[in-house]
Amino acid sequence: MQQRTNHQLSEYSLKTDRCASILGTGSYLPEYIMTNAKLESMVDTTDEWIRTRTGIRERRIAAAHETTSDMAAAAAAAALKNASISAEEVSMIICATVTPDMFFPSTACFVQSKIGALHAVCFDVSAACSGFLYAMEIARQFIASGQQKIILVLGADKLSTIVNWKDRNTCVLFGDGAGAALLGHREGSGGILATSMGSNGSLANILYTPGGGSAAPTTSENVDQKLATIHMNGRETYKHAVKAMVDSSEKVLAQAGLTINDITCIIPHQANLRIIEAIADRLHVPLNLFHLNLDRYGNTSAAAVAIALHEAAQTKNFRPGDLILLVVFGGGLTWAASIVQW
Ligand code: UT7
């Protein structure tokens, strides 16, 4: 990998007043491991089909009493410890989730109370699997403008509560978990160099939960129709996922004045190994440039890239100056890519 000097780095850093760096990361995965073998006993599927079509071997499922905010608070506590920052120093909490504890208050507010972040402003972001990068970009803007000092960004989802466990097309894909990153200004690091985001609401109905909201509130009559569970057109979603993640990766690289050869590690949304292989192919990079964990956790929605970021930070021995490309895709449709200088 090409080594960059500080001078070179400054040429393509965003011209913000204060860059936003990752000060620490954390994650939480529930204890219970649901294997493909277990799913074989629940729906008409096989371990072989799931492994070869998705790359997933097992996923974590949260306990009935364990909420999205419980998982997010555990990930947050790990990130605070990792960064040696106290909860009182956190000035904002942004939680990306599509499985909030409740419609309101926000899951971020519950996390605030659970970790004792007394001085934080708290709100949630809804961008499905893209939520963590959307939240990171919001945090970056607040830090760049000098409005906020230390922001806790969370991606947390308990998808097991919105999965139709009788639908083999979807139930084999998803898992529960949470990831966290603390963002703040750090001298000598470019932090988040560039972000590219996009949405296409006209394709909302290829990946969505049609019921349970104001459009189709849950009633005793429609509960059997499972409207409040994930409905997905897999093939269409697959196609758009590959295109959007390739396009946004190329866009964000151009924005930062970089090429893919400058990147130390790519951390993608963990939905399907075949999607990631297709992206690797189109970006002309080897698969081992990607940090992968979907074999162990499946698709954990907003948490996926956050958990993978934490894992990569723990295991890949990133050095200052290393350039990390994060790229996501999800319901909305939504997508985003960010480049972080470690
Ligand atoms: O996080 C948001 C983003 N989500 C995604 O990115 C998901 C994107 N989509 C995908 O990953 C893939 O489309 C799936 C993994 C969901 C499906 O893979 P596929 O290769 O596109 O399969 P398919 O939907 O075209 O289905 C192929 C066959 C069908 O049978 P027939 O009609 O060919 O007889 C399905 O009924 O596989 C069948 N099938 C299954 N068979 C065994 C679907 N799900 C299963 C299953 N076990 N779990």
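Whatever order the structure lists ligands and atoms in, that order sets their numbers, starting from 1.
A donor and an acceptor atom, one from each side chain of N272 and T54, are nowhere located under 3.5 Å apart. With 3.5 Å as the limit, one finds no donor-acceptor pair spanning the side chains of T67 and K158.
The pair K239-E236 counts as a salt bridge, with a side-chain nitrogen and a carboxylate oxygen less than 4.0 angstrom apart.
The protein atom (non-hydrogen) at minimum distance from atom 7 (C) of ligand 1 is M232 SD, 3.8 Å.
At a 4.0 Å heavy-atom cut-off, ligand 1 touches W49 through the side chain alone. Under 4.0 angstrom from ligand 1, the non-hydrogen atoms of T45 come from both its backbone and its side chain. At a heavy-atom distance under 4.0 Å, no atom of T170 approaches ligand 1. The proximity of L207 to ligand 1, defined as any non-hydrogen pair under 4.0 Å, is limited to the side chain.
When the heavy-atom distances from atom 26 (O) of ligand 1 to R235, E236, R274 are ranked, the shortest goes to R235.
Under a 4.0 Å heavy-atom criterion, I50 is not in contact with ligand 1.
Taking 4.5 Å as the limit, every side-chain heavy atom of I339 sits out of range of all side-chain heavy atoms of I192. Taking the side chain as every heavy atom from C-beta outward, V98 and S126 approach each other to under 4.5 Å.
Per-atom contact check: atom 41 (N) of ligand 1 touches the protein, criterion being a heavy-atom distance below 4.0 Å.
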